[in-house]
Amino acid sequence: MLDLRRIRQDPEGILARLRRRNPHLDLSRVLALDEERRELQKQVDEVRRRQNEGSERVAALSKAGDLPERERLLAELKVLAETRKRLEDRLSQVEAELAAELLSLPNVPHDSVPSGTKEEKVVLRVWGEPPRFDFPPQHHLALAQKLRLLDMERAAKLAQSRFPMYVGEGARLEFALLHWMLELHVREHGYIPILPPILANRRSFLVSGQLPKFAEELYHCPADDLFLNPTAESLLANLHNDEILEEERLPLKYVAYTPCFRREAGSYGEEQRGLIRVHQFNKIELFWYITPDRSYQALEELVGHAERVLQLLGLHYRVTLLPASDLAFQSAKTIDIEVWLPGQGAYYEVSSCSNCEDFQARRGNVRYRPKEGGRPQYVHTLNGSGLATSRLFAAILEQNQRRDGTVVLPRVLAELLDRETLG
RNA sequence: GGAGGGAUGGGUGAGCGGCCGAAACCGCCGGUCUUGAAAACCGGUAAGCCGAAAGGCUUCGGGGGUUCGAAUCCCCCUCCCUCCGCCA
């Protein structure tokens with residue numbers, strides 16, 4: 001949700017910045033509705049003021065015993081009440097339209113975000129080097145099937161295609177990864193661990209930004225009007241709805257584990273084979289609530305926490321800055337971490353770290369009381385994967401594979417699983 | 001699924017047609033006292049909208065209704081709690 005006052009004060013400026021994201025965006029309707037709303041509000045306020053004055057006089061006249069004057073006044077007030085009703089009906093209609101309009105507007109890109117298309121993302125840095133093989137590296141799906149780590153065929157019996165099922169050492173590896181990442185963020189990076197509900201209500205997704213525009217991406221349970229979470233961001237963004245936090249408590253840093261569910265309507269292709277794009281995957285999510293002055297510094301820190309996972313696993317990756325046109329709806333700035341998958345000869349996103357500034361905080365009405373006093377301010381929220389496995393799982397197999405199709409486990413995982421290799 | 005109880009400011013919680021934007025307590029801020037702090041005492045302290053300001057208006061879970069006037073009465077909904085049923 002954008003700040004209406006900001007739009008009103010600088011409509012051209014905001015529009016220009018929004019159009020870096022999408023040249024078709026338009027503010028004229030918002031501005032027109034806002035003006036009508038304020039005019040109606042003014043009229044309603046005036047009628048109410050006269051009603052309030054009148055009501056006080058009714059009480060006074062009753063006490064004084066001036067009944068004829070009292071009757072005359074009551075008749076007058078009755079007319080005012082009807083007038084007000086008419087104005088209020090129109091006002092609430094305009095308010096609803098304005099709210100809908102505002103909910104459909106994405107966040108304004110930060111000035112440090114480059115313009116340009118998806119392909120023009122900026123590579124900020126590269127860590128490590130791609131492993132070299134003296135044989136053609138295999139796809140993780142081939143490796144996983146040979147090593148009996150995944151059973152996609154049986155998973156399809158239970159659910160549908162593109163729902164993965166981890167079996168045997170694969171299941172152990174996935175569990176170990178998730179637990180290890182959670183502990184890393186709790187013990188070394190100071191996050192508060194959360195194991196949230198996986199289904200959440202409509203408001204939660206309105207706050208996070210998934211709704212109203214991206215409903216087709218969500219699995220929906222109509223009987224209860226609940227949605228399966230596509231990322232724990234949607235859940236963690238709602239932890240403090242309608243609260244005023246004390247500044248001393250900030251930043252609040254949460255780490256959650258959830259499975260994530262995405263309908264992936266319309267996506268297809270050979271590159272989506274295996275664990276690259278699935279309907280259900282596991283993710284450790286990092287989420288910050290922080291004061292506005294520190295949020296961009298926090299974004300760098302957050303990215304660092306996610307990178308740490310890959311560094312400890314010894315996986316080659318790169319960090320990219322997304323251009324404005326590729327930003328998620330709610331994000332003002334996003335930095336992606338992409339891990340190298342030699343089986344496909346490409347980098348794939350395993351973490352997307354965003355500063356949503358006050359976009360989600362406005363929708364969730366999450367504020368803080370400044371230390372130095374004054375009125376409550378909206379917090380800034382940040383989210384980032386720390387990390388998404390499934391893809392991480394694929395990277396571990398592909399980057400550490402040997403000619404015979406076995407996989408050498410990274411040190412940390414070898415200790416957790418009590419074995420040096422898979423296969 | 002059935003029965004009952006509840007939702008009020010940063011927190012606890014009173015109010016049950018006009019004197020209520022709302023007692024009291026806690027917290028927080030300022031002051032007195034003190035070498036300093038604590039304690040004690042005194043004062044202040046909700047949020048939102050419009051407005052340059054003065055000020056006006058709104059808000060006691062949400063929506064609708066009764067009334068000149070609703071935190072307070074009526075109806076609907078949501079959520080929370082307790083008990084019963086079912087169940088990992």
Side-chain angles (χ1 to χ4, degrees), chain A residues 1-9 30-102 195-207 211 221-227 235 238-250 252 289 291 358 361-379:
Chain A
M1 183 91 77
L2 300 184
D3 184 355
L4 198 46
R5 254 174 305 193
R6 226 176 113 204
I7 296 178
R8 202 185 295 141
Q9 277 161 14
V30 166
L31 289 166
L33 285 166
D34 176 49
E35 200 174 325
E36 185 175 4
R37 199 207 98 237
R38 281 186 298 156
E39 178 53 35
L40 281 166
Q41 185 69 62
K42 215 175 276 182
Q43 292 176 23
V44 169
D45 283 0
E46 173 59 18
V47 173
R48 287 204 91 118
R49 190 185 59 74
R50 284 160 63 193
Q51 270 188 301
N52 290 344
E53 283 173 8
S55 290
E56 269 173 51
R57 274 177 58 216
V58 169
L61 290 171
S62 303
K63 209 175 270 179
D66 187 349
L67 296 184
E69 176 60 13
R70 182 176 178 276
E71 284 310 306
R72 201 195 54 73
L73 187 55
L74 284 181
E76 209 175 282
L77 288 174
K78 191 133 194 161
V79 175
L80 280 181
E82 283 160 16
T83 306
R84 195 186 97 198
K85 181 96 180 75
R86 262 204 322 278
L87 287 169
E88 279 179 343
D89 284 350
R90 177 67 191 142
L91 178 61
S92 56
Q93 191 185 331
V94 170
E95 277 176 341
E97 283 172 36
L98 181 59
E101 204 62 34
L102 233 31
L195 202 49
I198 307 304
L199 289 165
N201 58 35
R202 192 170 281 277
R203 187 196 178 190
S204 295
F205 294 102
L206 274 172
V207 168
L211 292 177
C221 308
D224 301 287
D225 201 27
L226 293 172
F227 300 82
L235 309 170
N238 288 277
L239 246 34
H240 296 289
N241 285 352
D242 302 313
E243 291 184 31
I244 298 176
L245 303 162
E246 294 302 328
E247 185 175 345
E248 286 72 24
R249 288 181 65 194
L250 300 175
L252 279 164
Y289 291 85
T291 52
D358 62 4
R362 281 178 190 284
R363 293 182 169 209
N365 192 27
V366 187
R367 292 167 295 174
Y368 73 97
R369 195 177 293 288
K371 257 198 291 253
E372 63 278 10
R375 37 177 34 214
Q377 308 287 326
Y378 289 109
V379 299

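Residue numbers begin at 1 in each chain, while the letters A, B, ... track the order of the sequences. Note that this is a predicted model, so its numbers are computed, not measured.
For the pair A:R38 and A:P376, both in contact range of RNA chain B, the more 5′-proximal nearest nucleotide belongs to A:P376. A residue-by-residue look at A:E56 and A:V44 shows that A:E56 has its nearest nucleotide of RNA chain B further toward the 5' end.
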Item to complete: Please step through side-chain hydrogen bond (donor to acceptor under 3.5 Å, both in side chains) for the pair A:Q93 and A:D89, ending with a clear verdict.
Response: CA-CA 6 Å; A:Q93 191 185 331; A:D89 284 350; over 6 Å; no
Worksheet item: Can you list the steps and then say if A:R70 with A:R57 is a side-chain contact (heavy atoms from CB on, under 4.5 Å)?
Response: CA-CA 8 Å; A:R70 182 176 178 276; A:R57 274 177 58 216; over 6 Å; no
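One P atom belongs to B:G10, the other to B:C60, and the distance between them is 14 Å to the nearest Å. For B:A23 and B:G18, the P atoms lie 16 Å apart once the distance is rounded to whole Å. Rounded to whole Å, the P atom of B:G11 lies 15 Å from the corresponding atom of B:G62. A distance of about 13 Å separates the P atoms of B:A71 and B:G63, rounded to the whole Å. Rounded to whole Å, the separation between the C1' atoms of B:A7 and B:A14 comes to 15 Å. Spacing of P atoms, B:U72 relative to B:U67, comes out at 16 Å, to the nearest Å. Between B:G31 and B:G21, the distance separating the two P atoms is 32 Å to the nearest Å. The separation of B:G5 from B:C86, taken at their P atoms, amounts to 24 Å, rounded to a whole angstrom.
Counting any heavy atom pair closer than 4.0 Å across all strands shown, A:R375 reaches sugar-phosphate atoms only and no base atom. Within the nucleic acid shown, A:R37 comes within 4.0 Å of sugar-phosphate atoms alone, with no base atom in reach, counting heavy atoms only.
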Worksheet entry | Secondary structure string for RNA chain B (Watson-Crick or G-U under 3.5 angstrom, | for other-strand pairs) | ((((((((.[[[..)..(.....]]]((((((.......))))))(((((....))))).[[[[[..)....]]]]])))))))....
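The side chain of A:R369 contributes an N or O atom lying less than 4.0 Å from OP1 or OP2 of B:A47. For the pair A:R5 and B:C49, the criterion of a side-chain N or O lying under 4.0 Å from OP1 or OP2 is met. Residue A:R8 has a polar side-chain atom (N or O) positioned under 4.0 Å from OP1 or OP2 of B:C50.
Looking at A:N238, its side chain does come within 3.5 Å of a backbone N or O of A:S204 through a donor-acceptor pair. The backbone N or O of A:R375 sits less than 3.5 Å from a side-chain atom of A:Q377, completing a donor-acceptor pair. With hydrogens and angles disregarded, no donor-acceptor distance shorter than 3.5 Å links the side chain of A:E243 to the backbone of A:V366. Of the possible donor and acceptor atoms, one in the side chain of A:R363 sits under 3.5 Å from a partner among the backbone N and O of A:L206.
Residue-environment remark: CD (A:E35) stays at or below the threshold of 12 foreign heavy atoms within 6.0 Å.
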Worksheet item: Where along nucleotides 65-74 of chain B does protein come under 4.0 Å, by heavy atom, of base (B) or sugar-phosphate alone (S), with - for untouched nucleotides?
Response: S--BS-----
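Residue A:D3 forms a side chain to side chain donor-acceptor pair (under 3.5 Å) with just one option from A:R362, A:Q9, A:R8, and that option is A:R362.
Side chain to side chain, A:N365 and A:R367 meet the donor-acceptor criterion of an N or O pair below 3.5 Å.
Ion pair A:R38/A:D34 flagged as a salt bridge, since at least one NZ, NE, NH1 or NH2 atom sits closer than 4.0 Å to an Asp/Glu carboxylate oxygen.
Side chain of A:I244, nearest nucleotide from B:U58, B:G51, B:G10: B:G10.
One can place CZ of A:R203 at 12 Å from C1' of B:G62, the figure rounded to the nearest angstrom.
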